[in-house]
Structures are given as C-alpha cells and as structure tokens.
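Notes to accompany the following structure.
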Amino acid sequence: MSPFNFDKARRLQDILAQKIRLEPLNRPLKFIGGADFAASETQGKIAAALIVLDAIFLEIVDKVILIKRINFPYLPGFLCFREGPVFLSALKKIKFPPSVWFIDGNGLAHPRHLGLASFVGVMADIPTIGCAKSAFFPYEEPDNFRGSFTIYRDRKGDQVGYCLRTRTGVKPLFVSPGHKVSFEDALFLTLEFSRFRLPEPLRLAHFLARQIFKS
DNA sequence: GCGACAG
DNA sequence: ATCTTGTCGC
C-alpha cells in the first residue's frame, strides 16, 4: 500500500494544466458526447457511462459502459484520479467519436485549473467541456431565466468559466472549458444542447450511470 | 489554525 | 455521490 502523494499529484496537475489549449472548436458538430460516473463502495467498483448523440436529432448513436476497480477515494480537487482512468478506458471503445464531450465535473474551474474535464481532455487530446452541478468557488447568482449567466472566477479573480442558468427556475450549472474549446464555446454549446438542467448527452449519461449498480 | 471542498 | 414519498408547480 503506497500512501497517496499529494505533492506529486499536485505537480502532475500543474504540468497537465499547462497543456490545456483554449481555442474555438474547429470541427463541425456532427456528434456530441456526454460522460457520467457511478461508484459502488461495497463492490469497490467505479463505472463510466458514455453516450454519443447525433447533434441535430439528439438520437443515440453510441453508448459505452466500462467498469473498473476503485483505486482512489473521492477527494475534492483530485476527482480526476478517481474517475479519469475509467473514462479513458471507456473512450477506447467508442466507435463514433463526438466533436466535443460534456463531462460531469469541472474543467478549468479547479484550484489548480485541472478538473476532470481538463484532465481527460489533455490525456486523450479531445475537446471537452466541464459541467459541474455545484461550485468550487464563490459565485454570483445569475438571473432566474434560461440563458442568464455570470462570470465564474477562481479565488485569484481570474475567469475560469461561467455560472449558467440552463433552465428557468432551476439551479445553475458551473460551466468551464476542459480542453480544445474556448470560453464562448463552453457557454454556448452547453446552453444550446440543454433542454433541461444538464446538456442532453450528459443527462442521458447520468440516467445510464445510475442504472449500473442498481438491483 | 480553521473551515470549505466537483463527485 | 447516497439515504428517500409524496407533493407542488409549470
């Protein structure tokens, strides 16, 4: 049993964060992906649920579930080491790679600017957007209608994303670029593909994930 | 030093 | 994340 080396993990995150590319999404939007996760502590297993949708009709074109043994506990700020490896394994089984992935968690919006979405984005060199359901940093509440947003900043005051109301009367999302997308892409694409609170691929991946360890 | 802290 | 029924509102 080797105890987790926090300093080493932080240094790795710092190195990977330097590799993040913030740039407009260049490829056409044919497919869009969503990834969510579920864990069973009793079984000691963690699962990734990946969904790929047609970007126009929002029909499922690809679906992958992959289960691994849990090798890491949940620690705020280190989620990528728990859920990242399962996603990267599942990604290899995807037959129709999407133009962009919506990931359940943060991208840039992270104490060291390397949330789960940025981690998997850099590791696999794919465009990713982080969509978190709760905040890492203090934030200003956007107006209570769909499309309203505020700038989301880290503790130093630098922008790391947006606090976005994807649906009127519902709690906002914390949206941040993961990799190979711009701030504007992260904002507009998340809003564009959200009929309910979560962007549609993420919502479906969430349903799929929560099924895995039930019954 | 203390509390807060994605899932 | 998860434990958990009915209930209120659009």
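Chain naming here is simple, since letters A, B, ... match the order of the sequence lines and numbering starts at 1 in each.
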Using a 4.0 Å heavy-atom cut-off, does [X] contact any base of the nucleic acid, only the sugar-phosphate backbone, or nothing at all?
X: A:Gly77; answer: base
X: A:Ala132; answer: sugar-phosphate
X: A:Phe78; answer: base
X: A:Ala38; answer: nothing
X: A:Tyr74; answer: base

Is the distance from the ring center of A:Tyr162 to that of A:Tyr152 below 6.0 Å?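 A:Tyr162 vs A:Tyr152: aromatic centres not under 6.0 Å.
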For residues A:Phe136 and A:Phe174, establish whether the separation of their ring centroids is below 6.0 Å.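 No, the ring of A:Phe136 stays outside the 6.0 Å limit from the ring of A:Phe174, centre to centre.
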Output yes when A:Arg165 and A:Glu140 qualify as a salt bridge under the 4.0 Å nitrogen-oxygen rule, no when they do not.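 Salt bridge absent between A:Arg165 and A:Glu140.
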Under 3.5 Å, is there a donor on one side chain and an acceptor on the other for [X] and [Y]?
X: A:Asp14; Y: A:His113; result: no
X: A:Gln159; Y: A:Arg153; result: no
X: A:Lys30; Y: A:Ser99; result: no

Give the dot-bracket string for DNA chain B, reading 5' to 3', where a pair is Watson-Crick or G-U wobble with both distances under 3.5 Å, ( ) marks pairs inside the strand, [ ] marks pairs crossing earlier ones, | marks a partner on another strand, and . marks unpaired. .......
Where does the chain A footprint on DNA chain B start and end, counting 5' to 3' with a 4.0 Å heavy-atom cut-off?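 Contact boundaries, 5' end first: B:dC5 to B:dG7.
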Interatomic distance, [X] [atom1] vs [N] [atom2] [rounded to whole Å]:
X: A:Arg210; N: C:dT4; atom1: CZ; atom2: C1'; result: 11 Å
X: A:Asn144; N: C:dG9; atom1: CG; atom2: P; result: 16 Å
X: A:Arg195; N: C:dC10; atom1: CZ; atom2: C1'; result: 15 Å
X: A:Leu198; N: C:dA1; atom1: CG; atom2: P; result: 10 Å

Does A:Lys63, at its NZ atom, have more than 12 non-hydrogen atoms belonging to other residues, nucleotides or ligands within less than 6.0 Å?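 Check fails, neighbour count at 12 or below.
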With a sphere of 6.0 Å drawn around CZ of A:Phe196, does it hold more than 12 non-hydrogen atoms of other residues, nucleotides or ligands?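 For A:Phe196, atom CZ is crowded (more than 12 foreign heavy atoms under 6.0 Å).
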Distance check, rounded to the nearest 0.5 Å: A:Phe31 atom CZ versus A:Leu53 atom CG?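 Rounded to the nearest 0.5 Å, the CZ-CG separation comes out at 10.0 Å.
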If you compare all heavy atoms of A:Leu50 against all heavy atoms of A:Ala35, which two are closest, and at what distance to 0.1 Å?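 Closest heavy-atom pair between A:Leu50 and A:Ala35: CD1-CB, 4.0 Å.
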For A:Val122 against A:Lys19, the heavy-atom pair lying closest together: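 So the two residues come closest at CG1-CB, 3.8 Å.
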Given that both pair distances must be under 3.5 Å and the pair must be Watson-Crick or G-U, what runs of three or more consecutive pairs involve DNA chain C?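 Runs of three or more consecutive pairs: none qualify.
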